[in-house]
Amino acid sequence: MKTFSITGLDPASRKPIEVLIENGLIREIRPGPTDESAWLSPGFIDLQVNGYRGFDLNAESLDPDTVLMLTREVLATGVTTFLPTLITASEERNIAALQAIATARQLHPFVAHAVPFVHMEGPHISAEDGPRGAHPREHVRPPSLVEFLRWQAASHDLVGMVTMSPHWEKAPEYIAELARRGVLVSIGHSDATPEQIHAAAKAGATLSTHLGNGVAGQLPRHPNLLWAQLADERLTATLIADQHHLPADTLKAMLRAKGIENCVLISDAVALAGMPQGTYNTPVGGTVELSEDGRLSLAGTRFLAGAARPLKDGVAFVAGLSSFSLDVAVRMATRNPGRFVGQRGQLRVGADADLVRFDWNNTSIHIQSALVKGEPVDLL
Ligand SMILES: [Zn+2]
């Protein structure tokens with residue numbers, strides 16, 4: 001029996017705690033040393049990761065080794081659970097990528113633990129410029145239960161979340177069938193009407209994907225699909241808090257409108273995230289620039305070419321906003337997303353010892369150590 005402990009300040013109580021770990025599980029939580037200065041929370045949970053540090057889930061062909069390397073990189077940022085996210089592509093390519101992730105999970109138990117399932121972002125999104133974002137138009141297609149069953153047959157039921165636009169004619173039926181099977185449906189990259197948004201929530205959609213992004217640049221002031229998603233209490237919003245995708249005022253107003261409990265921070269990180277600043281040539285986006293402040297834009301423009309910061313940066317950003325706190329920022333990256341991945345992200349006796357210890361200086365978070373099922377993560 002392997003027993004040890006880790007200490008840190010609990011963001012909720014701001015008091016030092018000591019967490020006793022036995023056989024990979026939290027066995028006891030008790031008061032910790034009074035001179036503690038680092039923070040301790042459940043490991044972060046990221047519902048949307050496309051890549052990191054050069055490892056790209058949406059590259060032309062994905063192999064299990066890339067999934068393994070990506071998982072190591074993501075774990076080193078304090079994220080102990082994440083959803084690999086595949087964007088709109090041909091069915092053949094989507095299935096090949098699903099199979100590569102399934103193989104990586106079979107070969108490596110720590111990948112299987114960190115990756116509970118896959119997030120399919122597309123291909124049933126809006127084909128329009130604007131809401132479609134950077135997804136290739138030629139592969140946008142209507143929802144199809146038959147195709148969904150082919151994804152699952154090819155990957156041992158690995159698809160657990162689907163982002164789609166509910167403007168498609170048969171959307172409610174498709175959503176209801178996925179929800180019946182326990183698959184999360186999220187509304188995103190959409191040009192749906194408010195009525196279609198509410199019909200999707202009624203059918204079983206429970207999330208909005210990166211609310212405020214992947215939407216037309218111009219909308220009628222009201223009604224529109226943003227107000228509908230902000231208003232519908234059945235929908236939890238995921239938000240990219242990288243300081244570039246949502247202006248601070250918009251982010252704060254959305255957090256207040258939905259309420260903290262109904263918000264989840266995501267990175268939506270692309271493969272160039274975590275790389276040094278500079279100019280890069282990418283197969284899909286052409287020449288892009290990564291600035292020192294983590295803004296990834298098409299070369300010579302202000303147009304965003306993806307998100308480039310790890311989730312911990314979003315947590316630090318929200319924690320530093322006036323009228324928010326480290327506690328609520330951490331909750332939106334642990335317990336709240338954890339509700340969608342089997343109640344992970346909670347500091348409680350009996351839970352997996354997926355923990356992160358970090359320094360926070362009001363503007364950034366520095367990971368000191370992370371544990372997955374009680375095993376230390378290599379911080380690379
Ligand atoms: Zn997106």
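The basis for the numbers below is simple: all heavy atoms, side chains too, and nothing from hydrogens, waters or symmetry mates. Numbering of ligands and ligand atoms starts at 1, following listing order.
Side chains of His119 and Thr163: a donor on one and an acceptor on the other come within 3.5 Å. For the residue pair His156 / Gln106, a side-chain donor-acceptor distance below 3.5 Å is found, with atom types taken as modelled.
Between the Zn ion (ligand 1) and the N, O or S atoms of His210, the shortest distance is to NE2. Take the N/O/S atoms of Glu121: the one nearest the Zn ion (ligand 1) is OE2.
The distance from the Zn ion (ligand 1) to the nearest N/O/S atom of His189 is under 2.8 Å.
Contact between Pro42 and Gln346 at its shortest, heavy atoms only, is CG-C, 3.8 Å.
Atom-to-atom distance recorded for Arg256:CZ and Leu230:CG is 13.5 Å, nearest 0.5 angstrom.
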